[in-house]
Amino acid sequence: MTHFDALETRSADQRAADLATALPEQIARAKTAPGFARLLADIDPAAITDALALATLPVLRKSELSRSQGEHPPFGGFTVKPAHGFAHVFQSPGPIYEPGGTDHDWWRMGRFLHAAGIGQGDIVQNCFGYHLTPAGMIFENGARAVGAAVLPAGTGQTELQVTAAQDIGCTAYAGTPDYLKVILDKAEEMGVTLSFTKAAVGGGALFPSLRKEYADRGISCLQCYATADLGNIAYESAAMEGMIVDEHVIVEIVTPGTGTPVAPGEVGEVVVTSLNPDYPLIRFATGDMSAVMAGASPCGRTNTRIKGWMGRADQTTKIKGMFVRPEQVAALVDKHSEIVKARVIATRVGEMDAMTVQIESPGGDSNAYARSVAEVLKLKGAIEVVAPGSLPKDGLVIEDQRRYD
């Protein structure tokens with residue numbers, strides 16, 4: 001079977017029609033959770049039927065989730081059932097607590113593993129962590145969804161990993177991109193031949209040179225983009241042309257520090273709405289940067305593609321001893337109706353910090369802009385008014401040009 005299910009090859013019209021049913025149901029479900037009841041108090045779920053309407057809702061940031069969890073442990077009031085109603089409770093650094101389920105493909109990782117060619121007859125050596133954090137269970141749940149057996153290896157004890165992989169005959173690897181090389185190199189050192197032909201990786205950068213090294217060793221390596229909160233967000237297929245958005249999330253790319261969608265193809269922050277009925281995260285800001293790719297994947301999957309991880313959206317920068325945040329830049333833009341966008345540039349002149357604020361505007365009073373900069377950013381800086389469309393479309397609203405080496 002080429003595809004995991006029929007959802008992957010839906011027409012755009014069918015996907016939109018399905019979303020028009022699923023999204024209002026999920027908004028209504030979310031409103032039963034105390035945390036979302038507050039955020040979505042004045043929202044009519046029936047009116048939220050597409051991504052355009054979804055973009056009018058507030059963004060939920062991890063800082064808000066963490067604060068709420070501190071006040072209302074463990075999940076901050078953002079789940080539709082209590083902690084004891086879930087199969088697992090996980091702790092990620094922060095600490096942030098996430099729920100987990102053992103229902104069929106609860107994190108939707110099976111779709112990615114299927115795309116990576118993993119299924120019945122495979123034994124997956126799962127080298128994601130099982131201690132407190134959910135990555136190990138996320139991939140194990142996905143392996144079960146595609147009918148593969150699992151060696152719950154976790155991390156470390158590489159010699160034992162090699163021995164187990166050989167004795168059991170593991171055919172597939174799941175884990176961070178670089179740890180597979182550690183295992184393969186150790187096996188070579190031990191004079192052991194392993195049976196890996198497939199790898200499903202995440203949680204780190206898969207550099208082209210590393211992918212090529214695996215290919216040279218007869219291992220096809222594909223990557224996914226997933227988080228502890230949301231599960232699978234997007235994944236590669238054998239076409240290896242971008243990452244295909246999972247069928248049970250809605251991905252928006254927004255200007256960092258705001259909830260405003262960027263133009264198609266521009267770089268921005270990834271904001272995700274999950275259709276998981278147990279944990280209905282609505283417009284959850286990942287803090288990661290990416291961009292939408294035009295067209296559809298050659299593999300036949302028709303959902304939107306993104307370019308994968310392109311850095312972090314939190315561009316908070318200290319200038320002259322003061323933090324400048326993306327939210328402040330957004331507030332500056334909102335202060336003047338004619339401003340299209342703005343970009344703060346941090347440099348050094350001699351041994352001193354300097355700040356330049358580039359403002360896209362058809363005109364305007366640069367002195368008025370300077371006063372607003374001092375008021376909103378709490379710093380004085382040089383003002384450069386540039387024509388609309390002049391600033392780079394790279395997702396940066398704060399650019400640090402200082403060098404620390």
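Every value quoted in this text rests on a predicted model; they were computed, and no experiment measured them. Basis for what follows: all heavy atoms, side chains included, without hydrogens, waters or symmetry-related copies.
Scanning all heavy atoms of the two residues, the minimum distance from R305 to I244 falls at CG-CG1, 4.1 Å. The two atoms that bring R61 and F284 nearest to each other are C-CE1, 4.5 Å, heavy atoms only. Scanning all heavy atoms of the two residues, the minimum distance from P326 to P256 falls at CB-O, 3.8 Å. Residues I319 and A346 come closest through the heavy atom pair CD1-CB, 3.7 Å. Closest non-hydrogen pair, S274 versus L230, comes out as CB-CD2, 4.0 Å. Closest of all the heavy-atom pairs between L222 and R211 is CD2-NH1, 3.9 Å.
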Open item on the list: Between E98 and S92, does the side-chain hydrogen bond (donor to acceptor under 3.5 Å, both in side chains) criterion hold? Intermediate values first, please.
Closed with: CA-CA 8 Å; E98 297 103 3; S92 292; 3.0 Å; yes
- [ ] Decide side-chain contact (heavy atoms from CB on, under 4.5 Å) for Q125 and I183; before the verdict, give the C-alpha distance in whole Å, the side-chain angles of both, and the deciding distance to 0.1 Å.
- [x] CA-CA 11 Å; Q125 185 151 340; I183 292 174; 4.2 Å; yes
Open item on the list: If you apply the rule side-chain contact (heavy atoms from CB on, under 4.5 Å), what do you find for L7 with H248, and how did you get there?
Closed with: CA-CA 9 Å; L7 297 179; H248 289 90; 3.6 Å; yes
Task: Pair F86-Y279, ring pair (Phe, Tyr, Trp, His ring centres under 6.0 Å): steps then yes or no - done: CA-CA 10 Å; F86 292 94; Y279 194 27; 7.2 Å; no
Open item on the list: Run H336 and S361 through side-chain hydrogen bond (donor to acceptor under 3.5 Å, both in side chains) and show every step you take.
Closed with: CA-CA 10 Å; H336 298 269; S361 171; over 6 Å; no
TODO: Give the intermediate values and the outcome of side-chain contact (heavy atoms from CB on, under 4.5 Å) for residues W106 and T102.
DONE: CA-CA 6 Å; W106 198 84; T102 53; over 6 Å; no
Open item on the list: With side-chain contact (heavy atoms from CB on, under 4.5 Å) as the criterion, how do R283 and V254 come out once you've worked through the C-alpha distance, each side chain's angles and the decisive distance to 0.1 Å?
Closed with: CA-CA 11 Å; R283 300 204 82 202; V254 307; 3.9 Å; yes
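No hydrogens or angles considered: a donor-acceptor pair under 3.5 Å links the side chains of E64 and S68. No side-chain donor-acceptor contact under 3.5 Å links S11 and D13. Y225 and S290 share no donor-acceptor pair across their side chains, judged by distance under 3.5 Å alone.
Aromatic ring pairs are classed by plane angle as parallel below 30°, tilted from 30° to 60° and perpendicular above 60°; the pair F112 and F139 is perpendicular. Using cut-offs of 30° and 60° for the angle between ring planes, the F36 and F78 rings count as perpendicular.
Taking 4.0 Å as the cut-off between side-chain N and carboxylate O, K318 and D353 do not count as a salt-bridged pair. At a threshold of 4.0 Å, the pair R111-E247 does not count as salt-bridged, since none of the basic side-chain nitrogens sits closer than that to a carboxylate oxygen. Under a 4.0 Å N-O distance rule, the pair E71/R38 does not qualify as a salt bridge. Ion pairing of D185 with R217 is present here, as a side-chain N (NZ or NE/NH1/NH2) and a carboxylate O approach within less than 4.0 Å. By the 4.0 Å N-to-carboxylate-O rule, R343 lies too far from E360 to be salt-bridged with it.
A distance of 9.5 Å separates CD1 in I253 from OG1 in T304, rounded to the nearest 0.5 Å. Taking CD from Q328 and OG1 from T316, the interatomic distance works out to 8.0 Å, rounded to the nearest 0.5 Å. Of the inter-residue distances, the one linking I48 atom CD1 with L19 atom CG reads 11.0 Å to the nearest 0.5 angstrom. For the atom pair CE (M137) and CG (N126), the distance works out to 9.0 Å, reported to the nearest 0.5 Å. For the atom pair D50 CG and L52 CG, the distance stands at 5.5 Å (nearest 0.5 Å). Residue E327 holds its CD atom at 12.0 Å from CG of D334, rounded to the nearest 0.5 Å.
By the 4.5 Å heavy-atom criterion applied to side chains, K335 and R371 are not counted as neighbours. With contacts defined as side-chain heavy-atom distances shorter than 4.5 Å, the pair V201/C221 qualifies.
Within 6.0 Å of NZ in K212 there are 12 or fewer heavy atoms belonging to other residues, nucleotides or ligands. Around NZ of K380, the count of heavy atoms belonging to other residues, nucleotides or ligands within 6.0 Å does not exceed 12. Other residues, nucleotides and ligands contribute at most 12 non-hydrogen atoms within 6.0 Å of the CD atom of Q157.
Ring centers of F75 and Y97: at least 6.0 Å apart, outside the cut-off.
Screening T302, D5, D18 against R10 for a side chain to side chain donor-acceptor pair (under 3.5 Å) leaves a single residue, D18. Test V162, L194, V192 against K186 for side-chain contact (heavy atoms from CB on, under 4.5 Å) and you get one pass: V162.
Residues meeting the side-chain hydrogen bond (donor to acceptor under 3.5 Å, both in side chains) test with E241, sequence neighbours left out: none.
Checked by atom type and distance alone, the side chain of S66 never pairs as donor or acceptor with a backbone atom of K62 at under 3.5 Å.
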